[in-house]
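Just so you know, these numbers come straight off a predicted model, no measurement behind them. Below, chains carry the letters A, B, ... as their sequence lines are ordered, and counting in each starts from 1.
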Number of protein chains: 2
Amino acid sequence: MEIENAYITLPKGFIANGVHAGLKPNGNPDLSFIGSDRPAYVAGVYTRNLVKGHSLTRSISIIKSREQVRGIVINSGNANACVGTEGENDATAMASAVASEFGVTSEEILTASTGVIGSRLPLDKITEAIPALVKNATSSEACGHLAERAIMTTDTQPKEVAATVSIFGKEITIAAIAKGSGMIHPNLATMISVFTTDANIPQNVLQSMISENVKDTYNRVSVDGDTSVCDMVVILANGASETPVIEMDSEEYITFNEAFHALCFDLAKMIASDGEGASKLVEVEVNGAKTPNDAYLCVLSICRSPLCKTAIFGQDANCGRFITALGYSGADIDPDKISMFLSGLPVYENGVALPFDEDVAKEKLSEHDILIRIELNDGEYNDRMWTCDFTYDYVKINASYRS
Amino acid sequence: MEIENAYITLPKGFIANGVHAGLKPNGNPDLSFIGSDRPAYVAGVYTRNLVKGHSLTRSISIIKSREQVRGIVINSGNANACVGTEGENDATAMASAVASEFGVTSEEILTASTGVIGSRLPLDKITEAIPALVKNATSSEACGHLAERAIMTTDTQPKEVAATVSIFGKEITIAAIAKGSGMIHPNLATMISVFTTDANIPQNVLQSMISENVKDTYNRVSVDGDTSVCDMVVILANGASETPVIEMDSEEYITFNEAFHALCFDLAKMIASDGEGASKLVEVEVNGAKTPNDAYLCVLSICRSPLCKTAIFGQDANCGRFITALGYSGADIDPDKISMFLSGLPVYENGVALPFDEDVAKEKLSEHDILIRIELNDGEYNDRMWTCDFTYDYVKINASYRS
């Protein structure tokens with residue numbers, strides 16, 4: 001059951017907090033901590049960008065070498081990337097400061113950073129802020145929300161979700177936060193997102209679950225085709241619900257996984273909807289492809305096309321652009337079999353444009369949620385992806401991101 | 001020798017004209033004709049988009065089946081694409097009307113269309129305009145310029161180039177026109193461009209020459225990553241200079257090819273510079289890649305990145321975005337070996353951001369021509385591509401293209 005007022009500390013045994021350490025010039029929270037009162041199994045998926053931020057590289061190496069951690073510290077406003085060995089040291093120093101305050105070893109604290117690439121972290125400001133950050137971390141709703149606010153960059157909306165499931169006769173909670181909202185593209189675990197749960201799930205099961213669940217959720221969101229060097233999705237499972245271990249592919253696994261997937265799904269849509277400068281959420285559905293990859297190439301091509309995305313922003317039913325994007329997608333398709341529906345309105349059939357009422361199309365495109373459905377009529381495979389429109393505000397935000 | 005005041009009818013034996021047939025609501029010329037007073041050898045390269053406009057499909061099939069043609073008719077304002085068999089008939093009808101006026105067979109007249117996809121050509125308007133279009137076509141400068149203006153869509157500048165070369169002791173002329181300026185991306189012959197020359201070059205030699213020359217010119221321009229269904233580059237060689245045949249790989253071939261390549265190069269840069277909404281011309285140079293494809297993937301990734309291109313628009317030296325784009329390019333690179341120069345200013349070395357004077361960077365970025373040079377230090381292969389910045393005007397133009 002999804003919880004309406006969600007925050008990251010809903011699962012038992014988790015505390016969190018967010019403070020302004022001084023990385024963001026606007027005074028907003030920029031340093032976030034999420035901790036568990038006991039060791040939590042951990043698993044994650046990470047950007048496939050060959051360039052990786054130092055905080056992320058450190059977390060990946062920790063998750064490879066140990067099954068459990070006690071928490072994560074995340075800063076926004078600075079990516080801690082491309083600054084050399086000093087960046088590695090800075091990540092470790094940030095973790096050590098948290099660990100020392102929280103009474104654990106630094107290897108038990110994951111690190112993540114998001115923001116501008118190529119500048120040293122202002123370590124003084126961060127270490128100065130950490131004692132209060134950790135000391136005042138609680139499981140309260142206020143603290144939970146602060147932890148999310150402190151990881152946001154250009155996001156205009158906080159992204160917090162949670163659900164409860166009944167497993168082994170007990171209520172188990174999963175919660176998650178995420179940040180977007182630019183440099184978002186599939187197959188690279190396209191954002192920073194943290195899940196907490198009080199379920200008792202070993203690392204290997206957790207890893208399999210998260211790897212599977214990102215496929216049709218986080219990895220099906222594109223804001224701009226760019227993929228960050230800092231992206232990760234991690235889950236911490238601390239077992240504080242005191243239920244038995246959830247085994248691979250058990251009935252409990254299925255129940256938990258269903259709730260987990262629903263939350264991934266919701267966050268993915270939230271990220272697309274709050275894409276930089278976005279005024280619309282666009283779902284692109286492609287059915288009837290020859291292979292799964294052909295279906296994927298089709299959704300990807302449309303979601304990445306500036307021409308499709310500016311047309312949606314302009315509420316202009318310039319549907320030829322969508323057919324064009326399919327044609328150069330690299331997918332093996334037959335142009336003469338393509339049909340297309342614009343939020344239900346048939347606009348192409350067998351590769352030929354249909355006459356349609358421009359006023360009806362305009363009305364469909366004036367909605368916030370737009371559904372582009374493509375029927376390739378050439379096979380059995382489907383795919384789906386979310387994106388947003390391409391607006392003046394996208395240009396505005398990104399023309400002056402650092403200032 | 002390049003000619004300053006260039007137009008398409010400079011080579012001997014060519015005439016041209018452009019008129020307003022009524023496809024463009026703003027009254028600008030929208031129907032263009034280029035004819036040769038004798039059969040001209042023809043060769044071309046075409047979009048690799050699986051979806052192809054009907055006028056283009058017709059031209060491809062003609063060039064496959066015959067070596068010589070007498071001219072080409074091009075309309076702007078309507079792509080004649082995705083309208084079914086009627087679109088094929090419309091293309092043939094347009095050619096027939098021209099052929100009949102020009103006194104040749106319709107198979108000797110190529111067709112091209114550019115504009116909105118999915119609407120029938122207004123054939124009545126076109127056939128009504130054709131008699132005057134063809135009858136008043138001359139080799140004059142005014143007519144030459146009109147032929148270019150009539151193929152422009154969102155271009156803000158006409159794109160006309162010409163050169164003379166001395167071959168077999170005679171002066172031979174090559175001229176070319178092109179239109180951009182959106183839906184531009186490599187490897188799909190990304191625009192409509194027509195070359196005329198009075199040289200005497202057989203079709204197979206011409207084909208080899210054009211296929212080779214587009215590689216590092218037309219196929220190295222990206223405006224927005226979208227690739228049209230109508231793109232083609234064709235060359236007509238009518239031999240009116242009355243010089244001997246230019247044989248494959250002869251001395252004359254090399255001389256001619258050099259001039260041809262220089263014109264392709266100039267037009268490619270003009271197209272990037274006049275990309276939709278562009279305020280800057282951006283040259284991206286990548287050196288030291290392991291393979292040619294790695295070098296290509298790197299230039300492509302930067303030229304396609306909305307984040308890189310908005311940063312350039314904002315004159316913001318947010319160089320981490322360029323390193324990020326290399327990291328997700330798919331190229332086999334070593335992030336720790338990358339150096340980057342922003343119009344000569346060193347900004348990254350061995351994958352680490354260098355301190356630089358922001359005022360100097362701002363000044364470099366305030367120029368119209370920007371050079372992003374990447375040294376991968378990992379091999380011997382280089383590549384280069386041109387793009388433009390991503391601006392409010394790109395969004396503006398494309399949010400309301402049809403209205």
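The candidate from A:V51, A:L354, A:I338 with the greatest count of non-hydrogen atom pairs under 4.5 Å with chain B is A:V51. By number of non-hydrogen pairs under 4.5 angstrom with chain B, the leading residue of A:N350, A:T310, A:I312, A:D336 is A:T310. Heavy-atom pairs under 4.5 Å with chain B peak, among A:G84, A:G327, A:G314, A:S119, at A:G327. Contacts with chain B were tallied for A:C82, A:A353, A:G118, A:P355; A:C82 has the most, counting heavy-atom pairs under 4.5 Å. With chain B as the partner, the residue from A:T391, A:L50, A:D393, A:I323 showing the most heavy-atom pairs under 4.5 Å is A:L50.
Heavy-atom distances place both the backbone and the side chain of A:I333 under 4.5 Å from chain B. Neither the backbone nor the side chain of A:S329 comes within contact range of chain B; no heavy atoms are under 4.5 Å apart. For a residue to count as touching a neighbouring chain, one of its non-hydrogen atoms must lie under 4.5 Å from one of that chain's; by this rule A:A79 does not touch chain B.
The aromatic rings of A:Y392 and B:Y392 sit tilted relative to each other, their planes meeting at an angle between 30° and 60°. In this pair, A:F390 and B:F390 present their aromatic rings tilted. The plane angle is within the 30 to 60° band.
With hydrogens and angles disregarded, a donor-acceptor distance shorter than 3.5 Å links the side chain of A:D155 to the backbone of A:T153.
Side-chain contact between A:L121 and A:H54 is absent, with no heavy atoms from C-beta onward closer than 4.5 Å.
Atom CG in A:D378 sits 5.5 Å away from atom CG in A:D334 (nearest 0.5 Å). Interatomic distance, A:D294 CG to A:T291 OG1, rounded to the nearest 0.5 Å: 3.0 Å.
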